[in-house]
Amino acid sequence: MKIIRVILVLCFWFITGQAWAVEDWYWKGGVGLLAKGYNDSMKLHDLTGIGGMLSGDYMERGGFVASYNVNHINYQSDISSDPKGIDETILMLSGRLNFHPDGLSGKVTLRLDSYSEIDDMHYRVTGSGPSKKIFTIRDSVVGVNPIVSFLNYAKTFYADVGYAYTSYRSDDTAVDDVNVSQWTPTLGFGLNRSYDWLQLRAYLISLSASNRVAGNDLTSALEVKWSHWFTADVPLNLHSARLAAVVGKRIYAVDSDAGSMFSMPDLQTGAISIAAEWRLGDQVSAVLQGGYESYQELLSNDRYNSVYMYVSVSQSW
Amino acid sequence: MLTKTLFLLVLVSGFLVPVYASGATDPWIESYRLEALAQYDSAANSLGQIIKEQPRNEFAILRRGWLSYLRGAHNEAIRDYQRALDINPLSLDARLGLMLPLIAQQRWREVTAHASQVLEVSPWNYYAHVRLMISEEGERQWQTLARHAEKVHQRYPADATVLIYLARANDWMKEYKKARKAYARVLERVPGHIEAMQYLSRY
């Protein structure tokens with residue numbers, strides 16, 4: 001929570017340091033729905049989630065993003081030692097400042113993201129049936145993710161370095177806490193007059209010793225994203241499309257593009273996703289994304305995969 | 001006799017020194033001379049004394065902003081144009097000038113905001129429209145740009161620059177026939193225009 005206070009202070013400093021005009025703010029708000037099904041997992045069954053976000057940009061000088069997401073994970077009902085389900089509540093606050101140094105032919109952005117997540121794991125005490133008691137164990141996760149980025153004016157080259165520190169604490173004394181450090185060097189290249197964008201991001205994640213992660217202390221992965229923006233005469237009136245893939249292994253990753261944390265203690269061993277964006281008028285857009293992810297449960301070596309669908313609608317004003 | 005001569009010399013030199021000084025080191029003349037030699041940094045520095053003595057000299061600040069822009073010191077240019085605007089909030093010169101370094105830094109929203117403020121009081125100001133079109137191109141608002149360029153072309157039918165933006169917007173929207181027509185009109189106004197010639201030879 002201390003981190004969130006720091007972000008709020010920075011936002012307050014940014015807001016009070018400007019000569020404001022209401023019409024100089026650019027706002028965007030949106031809602032999203034997530035549905036995920038797990039295959040071949042001995043524990044997990046499905047996930048559903050809903051979230052909302054609000055972003056504000058003051059001209060090109062800086063801005064903030066706030067998002068709030070609630071997810072519910074259902075476990076396989078026949079395993080009594082596992083939770084019946086998990087309720088995740090995730091708050092993300094992000095602030096950024098843009099600089100245009102004369103010595104560089106591009107824009108430098110300082111960005112600071114913070115995450116606060118509460119995971120309530122609901123256990124069934126004995127037996128089954130609605131009259132049986134359920135108790136809850138809480139996991140608390142906080143994360144901070146500063147990022148320094150550079151984008152050249154020609155929009156053909158992008159680079160950033162991000163560092164994320166996340167801390168997972170459990171009410172359950174049998175579960176060790178774990179601290180996670182993540183470095184994410186990133187390169188991006190604009191092609192075809194920047195209507196195509198290729199982004200490569202390495203995930204270098206180190207974990208503190210914990211019985212959550214079965215001796216894994218280092219993981220690394222490479223994420224490749226290709227985005228294409230359309231101009232005119234587009235099939236289905238698409239505005240943009242994106243294809244992304246992750247190779248390698250990563251755990252407890254923080255994804256700064258999605259503004260999300262992977263809070264499940266399972267090793268992601270690969271992922272692929274495709275997304276499409278439509279413009280529904282001048283100010284409204286819709287995104288549909290589908291993806292496939294493969295995982296390995298570290299303690300049991302259970303290998304499973306998930307298929308998900310995400311849909312969001314946002315409005316700018 | 002010697003005393004009298006010395007007195008006269010001192011008297012004459014007292015008149016001559018300021019004349020010499022104002023002739024050789026007039027900061028305005030110096031700044032224009034150095035600008036013509038593309039020594040923008042020195043040209044801006046030559047105005048320093050005026051601005052130091054008259055911190056609210058609007059024109060000196062505007063001119064230093066322009067010279068800073070020319071030498072690529074865009075943040076200094078923004079500061080000076082903003083300062084000139086603070087001194088005279090009605091100044092269209094300052095607002096139009098401010099757009100130049102903002103365009104260089106691709107701060108399209110700020111360019112749009114300043115262009116809109118100029119157009120509020122001067123609806124068909126040519127420079128505001130052209131700079132707004134540059135912003136629309138930067139934001140890739142091709143339909144907006146095409147509509148905008150068409151309207152400005154009606155007011156400035158002899159102008160080639162507006163037609164260039166019209167042609168580019170139509171090209172991006174795959175309206176190739178309209179793009180070719182606009183580039184052909186550019187060549188009528190500026191024979192040998194490189195971009196227009198290259199486009200028309202390709203398509």
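These numbers were taken from a predicted model, which means no experiment stands behind them. Each chain gets a letter, A, B and so on, in the order the sequences are listed, and its residues count up from 1.
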Problem - side chain to side chain contact (heavy atoms under 4.5 Å, CB included) between B:H74 and A:H100, intermediate numbers included - result: CA-CA 9 Å; B:H74 298 133; A:H100 302 81; over 6 Å; no
Exercise for the section: List the steps, then state whether side chain to side chain contact (heavy atoms under 4.5 Å, CB included) holds for B:Q106 with A:E60. Expected result: CA-CA 9 Å; B:Q106 299 194 0; A:E60 280 94 0; over 6 Å; no
Practice task
Count the heavy atoms of every other residue, nucleotide or ligand shown that sit under 6.0 Å from CE of B:M173, and state whether that count exceeds 12.
Solution key: yes
Practice task
Sort B:E76 into side chain, backbone, both or neither according to what part of it lies under 4.5 angstrom from a heavy atom of chain A.
Solution key: backbone
Exercise for the section: Return yes when atom NZ of A:K155 has more than 12 non-hydrogen atoms of other residues, nucleotides or ligands closer than 6.0 Å, and no otherwise. Expected result: yes
Problem - Heavy-atom neighbours of A:Y26 OH exceed 12 at 6.0 Å - result: yes
Problem - Any side-chain heavy-atom pair of A:D102 and B:Q105 under 4.5 Å - result: yes
Practice task
Name the region of A:K107, side chain, backbone, both or neither, that has any atom closer than 4.5 Å to a heavy atom of chain B.
Solution key: neither
Problem - Flag if over 12 foreign heavy atoms under 6.0 Å of CG, B:L37 - result: yes
Practice task
Determine whether more than 12 heavy atoms belonging to other residues, nucleotides or ligands lie under 6.0 Å from atom CD of B:Q143.
Solution key: no
Completion exercise
CZ (A:F99) and CG (B:N75) are apart, to the nearest 0.5 Å, by 10.5 Å
Exercise for the section: Report the C-alpha distance between B:R109 and A:D57 in whole Å, list the side-chain angles of each, state the deciding distance to 0.1 Å, and finish with yes or no for side chain to side chain contact (heavy atoms under 4.5 Å, CB included). Expected result: CA-CA 10 Å; B:R109 289 170 175 170; A:D57 281 289; 3.3 Å; yes
Exercise for the section: Might you confirm whether atom NZ of B:K181 has over 12 heavy atoms from other residues, nucleotides or ligands at distances under 6.0 Å? Expected result: no
Handout entry: Cation-aromatic face contact A:R193/B:W172, 6.0 Å, 45 degrees
Key = yes
Practice task
Please look at A:Y195 and chain B and tell me whether the side chain, the backbone, both or neither of the residue comes under 4.5 angstrom of a heavy atom of that chain.
Solution key: both
